[in-house]
Novice: 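Here it is: the structure, laid out below.
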Amino acid sequence: MCLDDDFDAMHAAQVSRRSLGKLGLGAGLFAALPRLAGAAEVTETEVTIKTPDGTCDAHFVYPKSGAHAAILVWPDIFGLRPAFREMGKRQAEEGYAVLTVNPFYRLQKAPTSAPGANFQDPDTRAKLTGMMGSLTPEGEARDAQAFIAWLDAQKAVDTRKKVGTTGYCMGGPIVLRTAGAVPARVGAAATFHGGGLTTKDATSPHLQIAKTKASYLICIADNDDKNDPTSKDILKQTFADAKLKAEVEVYTGAQHGWCAIDSQVYNKDLAEKAWARAQVLFKSALA
């Protein structure tokens, strides 16, 4: 994971989320998201999923008709919240069944951070890093298996198609572990400003890549690359060694957190670029 100085550096430019007042607010911000001209009409629901470690609360959104490829979304350290529900809805409108989970369900139900939570606040920082520190590679693998099994049991999911998975910040490493935990099902994996994708530890997420069969999209923040300029090269070499299709790109001018629509450093143009690349990946790998 990214619990140390590397994690601190990544969050230097993403110290808080935009203050939305109350969790139900922020419609003006979310309305700024472009919508597909032929967007599918979708159904949204809050669900609970049994795992080996407890019961996870999650958001499930899918087109009202037919069965579709599934996408499993891992949020950033601020957790499951309105912004990620809206991002999941937009993805579903593209024709996918989308599950966005609360990665901290073992500790508490969402929301796991307050609206406008400031990472620079010592108490907030201690709480969030403590929650992230409770996650383990083994637990993430168990979760991935349970969530994908749940998706495969839903009528809205076409099990003839591969599953996609996306992750933001701390969700990036979990994406790699998800692909490694369920290699027969995961066909596409995308990370956005993922933290700690390559480390010197024996449990480094990038070591899962050789076990996988997915195609990848790795979108790296400019300041993350400056803090760890060799990580992209390690990833590229690992993908090449595994003979897997992968797009690894540093988004010049993008700061860590630029893809989350409630981030203080949200960059609409570069977020839309990353979004468009993800849609290309899904259309080719989840067909």
Side-chain angles (χ1 to χ4, degrees), residues 1-3 6-7 10-11 14 17 49 51 56-59 70-88 90-91 98-107 110-113 117 119 128-129 131-137 139-148 151 163-182 186 188-199 203-206 208-209 212 214 216-221 224 231 235 251 254 256-263 265-266 271 274-275 278 281-282:
M1 297 301 290
C2 44
L3 286 168
D6 290 339
F7 181 72
M10 283 189 295
H11 282 81
Q14 191 203 12
R17 292 187 284 121
I49 301 167
T51 79
C56 177
D57 49 311
H59 177 255
I71 295 177
L72 171 61
V73 181
W74 300 95
D76 59 27
I77 196 171
F78 295 106
L80 176 60
R81 57 191 190 274
F84 270 83
R85 289 182 175 90
E86 185 65 18
M87 291 158 67
R90 185 190 185 196
Q91 186 63 73
V98 182
L99 180 69
T100 305
V101 299
N102 168 18
F104 303 124
Y105 72 89
R106 294 172 181 83
L107 301 176
T112 52
S113 64
F119 197 75
L128 293 178
T129 55
M131 294 179 78
M132 191 174 70
S134 71
L135 300 176
T136 67
E140 291 164 359
R142 290 193 298 272
D143 285 349
Q145 292 164 351
F147 297 151
I148 290 177
L151 281 164
V163 173
T165 182
T166 65
Y168 299 74
C169 184
M170 73 162 209
I174 308 178
V175 160
L176 301 188
R177 294 194 174 109
T178 296
V182 199
V186 177
T191 72
F192 306 96
H193 43 87
L197 299 180
T198 64
T199 73
T203 57
S204 178
H206 83 283
Q208 294 293 311
I209 290 170
T212 72
Y216 286 84
L217 172 67
I218 309 293
C219 302
I220 304 170
D224 288 348
S231 182
L235 288 167
Y251 280 57
H256 180 79
W258 92 89
C259 288
I261 61 174
D262 60 348
S263 169
V265 297
Y266 173 62
W275 179 270
L281 171 68
F282 297 150

Novice: Rounded at 0.5 Å granularity, tell me how far CG in L151 sits from CG in L99.
Specialist: 5.0 Å

Novice: Taking C-beta and beyond as the side chain, do H206 and L235 meet within less than 4.5 Å on heavy atoms?
Specialist: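 SC-SC contact between H206 and L235 confirmed.
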
Novice: Rounded to the nearest 0.5 Å, what separates atom NE2 in H193 from atom CD1 in I220?
Specialist: 12.0 Å

Novice: What pair of heavy atoms forms the shortest contact from C259 to M87, and how long is it?
Specialist: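 Between these two residues, the closest heavy atoms are O-CE, 3.8 Å.
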
Novice: Check R81 against D262 and note the closest heavy-atom contact, atom names and distance.
Specialist: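 Looks like NE-OD2, 2.7 Å.
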
Novice: Heavy-atom distance under 4.5 Å between the side chains of W74 and E140, does that happen here?
Specialist: no

Novice: Test your reading of the model: is there a side-chain donor-acceptor pair from T165 to the backbone of L72, 3.5 Å cut-off?
Specialist: yes

Novice: Between T166 and F282, is a side chain to side chain contact (heavy atoms under 4.5 Å, CB included) present by the stated rule, with each step listed?
Specialist: CA-CA 11 Å; T166 65; F282 297 150; 3.5 Å; yes

Novice: Would you check if Y105 and I49 make a side-chain contact, meaning some heavy-atom pair closer than 4.5 Å?
Specialist: no

Novice: Quick one: does F147's side chain get under 4.5 Å of V163's, heavy atoms only?
Specialist: no

Novice: Using only atom types and a distance under 3.5 Å, with no angle test, would you say the side chain of T191 pairs donor to acceptor with the backbone of G172?
Specialist: no

Novice: In this structure, which one of W275, F192, W258 forms a ring pair (Phe, Tyr, Trp, His ring centres under 6.0 Å) with Y251?
Specialist: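 Of W275, F192, W258, ring pair (Phe, Tyr, Trp, His ring centres under 6.0 Å) with Y251 is met by W258 alone.
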
Novice: Drop me the distance from D224's CG to C219's SG, to the nearest 0.5 angstrom.
Specialist: 12.0 Å

Novice: Search all heavy atoms of A179 against all heavy atoms of Y216 and return the closest pair with its distance.
Specialist: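 Looking at all heavy atoms of both residues, the closest pair is CB-OH, 3.5 Å.
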
Novice: Can you tell me if T112 uses its side chain to pair, donor with acceptor, with the backbone of F104 under 3.5 Å?
Specialist: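 Absent.
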
Novice: If every non-hydrogen atom of G196 is compared with every non-hydrogen atom of P173, which pair is closest and at what distance?
Specialist: O-CG, 3.9 Å

Novice: CG of L176 to CD of Q208: how many Å apart, nearest 0.5 Å?
Specialist: 8.0 Å

Novice: As an exercise, state the distance from CZ of F78 to CE of M170, rounded to the nearest 0.5 Å.
Specialist: 11.0 Å

Novice: Could you check I261, V101, D76 and say which one makes a side-chain contact (heavy atoms from CB on, under 4.5 Å) with F84?
Specialist: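 Only one of I261, V101, D76 forms a side-chain contact (heavy atoms from CB on, under 4.5 Å) with F84, namely D76.
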
Novice: Any Lys/Arg nitrogen of D143 or R106 sitting under 4.0 Å from an Asp/Glu carboxylate oxygen of the other?
Specialist: yes

Novice: Tell me the closest heavy-atom pair linking T178 and V186, and the distance in Å.
Specialist: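 Shortest heavy-atom contact: O-CG2, 4.0 Å.
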
Novice: Taking all heavy atoms of T51 and all of C56, pick out the closest pair and write down the distance.
Specialist: CG2-CB, 4.3 Å

